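This structure is a prediction, so every number in the text was calculated from the model and none was measured.
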Amino acid sequence: SSGINAEYGGKRRRPKLIKMRDVSGYLSQQVDSCSEGSDLIEMWRKIQDLHVRRLWHQLTLVLLELVQRPEVTKQLKEIYENVIADFEMKLNPLSLVQIITPVVAVTEDKAEALAFVEKIANKVKKDTEAFILTKVIQADIQLNHYNNREKVKELIEEIEALLNDVEGVGFVHGKFYLMAS
C-alpha cells in the first residue's frame, strides 16, 4: 500500500477540476431570450442545431454572420466563452480569427484584448494566414490604442516576412495593407 502514496510523495492529490461548458444550455437561453419570429432567434436555433449535429463548417458560417450583428455586440465575449471556445479547434483557423476579431474590438481593456489575441495566435500558428491576421489585429491595437509605433513597425516587418510564404493575394493581404497604410 505504500507504493501508491510513495509516487505522490506521500500526499493524496485531488484531481484537477475542469469547468465544463454548457453550450446547449447557453444556446437554449439565447433562443428563449429572443422574440419569436425574429431572424436572430432563427440564427440561434440554427447554431443550436449545427452544434448538436457537429457540422463545424456550416456552424462557422453562421457564427461569422452572428458576430457581425449589432444586437449581440455586448454579448460577444460571453458568446466566445460559452460557445465558441468549446469547439474553436474544430473551426478553420482563419475563420476562428475572423470570428474573434469583433470580440477583440469590443473588449474595453486593450491589454486583455492583446492577451486574448496572443492566446488565439498560439492556437492557429500552424496556419500562416490565420497567424498573420492575429498579428494584424495586434498591430491595430498597438497603433490605435497605444500609439506604439515601434511595436507596430516590428509587427509589420514580421507580417511582411510571413506574407512571402502565402500563395497569391487574399483576405489577409488586404487587412495587412489596410493596417500598414
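- K153 has a carboxylate O that lies under 4.0 Å from a charged side-chain N of E157, or vice versa, which qualifies the two as a salt bridge.
- The side-chain heavy atoms of L91 and I84, taken from C-beta on, include a pair separated by under 4.5 Å.
- In this structure, the separation between CD1 on I132 and CD on E160 is 11.0 Å, given to the nearest 0.5 Å.
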Step-by-step side-chain contact (heavy atoms from CB on, under 4.5 Å) determination, K46 to Q58:
CA-CA 9 Å; K46 193 184 276 186; Q58 293 88 328; over 6 Å; no
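- By the criterion of side-chain heavy atoms lying less than 4.5 angstrom apart, applied directly or through intervening Ile, Leu, Val, Met, Phe, Trp or Tyr residues, L94 is not grouped with M89; the two fall into different hydrophobic clusters.
- Between D39 and R69 a salt bridge is recorded (basic side-chain N to carboxylate O distance below 4.0 Å).
- The shortest distance between side-chain heavy atoms of L27 and H51 falls below 4.5 Å.
- Note on L155: it does not cluster hydrophobically with Y146, by side-chain heavy-atom contacts below 4.5 Å among ILVMFWY residues.
- Going from atom NE2 of H145 over to atom CG of D109 covers 11.5 Å, rounded to the nearest 0.5 Å.
- In this structure, the side chains of V104 and L76 stay at 4.5 Å or more apart for every pair of heavy atoms.
- Side-chain contact between L64 and T60: present, with at least one pair of heavy atoms (C-beta onward) separated by less than 4.5 Å.
- Scanning all heavy atoms of the two residues, the minimum distance from V152 to A139 falls at CG2-O, 3.6 Å.
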Would you sort out whether Q142 and E154 count as a side-chain contact (heavy atoms from CB on, under 4.5 Å), showing the intermediate values?
CA-CA 11 Å; Q142 290 292 349; E154 197 181 292; over 6 Å; no
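- With Y26 as reference, E78 is the one residue of Q48, E78, R21 to meet the side chain to side chain donor-acceptor pair (under 3.5 Å) rule.
- Between E129 and K135, none of the side-chain N atoms (NZ, or NE/NH1/NH2) sits under 4.0 Å from a carboxylate O, so this pair counts as no salt bridge.
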CA sep, side-chain torsions, deciding dist, call: V117, V97, side-chain contact (heavy atoms from CB on, under 4.5 Å)
CA-CA 9 Å; V117 175; V97 178; over 6 Å; no
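- In this structure, V67 and V72 have side chains that are not in contact, with every pair of non-hydrogen atoms separated by 4.5 Å or more.
- A heavy-atom distance below 4.5 Å is found between the side chains of L66 and L40.
- In the hydrophobic clustering of ILVMFWY residues, with side-chain heavy atoms under 4.5 Å counting as a link, L55 and I47 come out together.
- Salt-bridge check for R53 with D49: passed, with a basic side-chain N closer than 4.0 Å to an acidic carboxylate O.
- To the nearest 0.5 angstrom, L63 atom CG is 5.0 Å from I99 atom CD1.
- Atom CD in Q138 sits 10.5 Å away from atom CG in L133 (nearest 0.5 Å).
- Under the 30°/60° scheme for interplanar angles, the aromatic rings of Y80 and F116 are found to stand perpendicular.
- With contacts defined as side-chain heavy-atom distances shorter than 4.5 Å, the pair P93/K126 does not qualify.
- For the atom pair CG of L96 and CZ of F87, the computed distance is 9.5 Å after rounding to the nearest 0.5 Å.
- Here the side chain of S38 pairs no donor or acceptor atom with the backbone of C34 at under 3.5 angstrom.
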Before you tell me yes or no, could you show the steps for R149 and N147 under side-chain contact (heavy atoms from CB on, under 4.5 Å), namely the whole-Å CA-CA distance, both residues' side-chain angles and the distance that decides it to 0.1 Å?
CA-CA 6 Å; R149 296 191 182 282; N147 199 20; 3.5 Å; yes
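- Interatomic distance, W44 CH2 to S28 OG, rounded to the nearest 0.5 Å: 11.0 Å.
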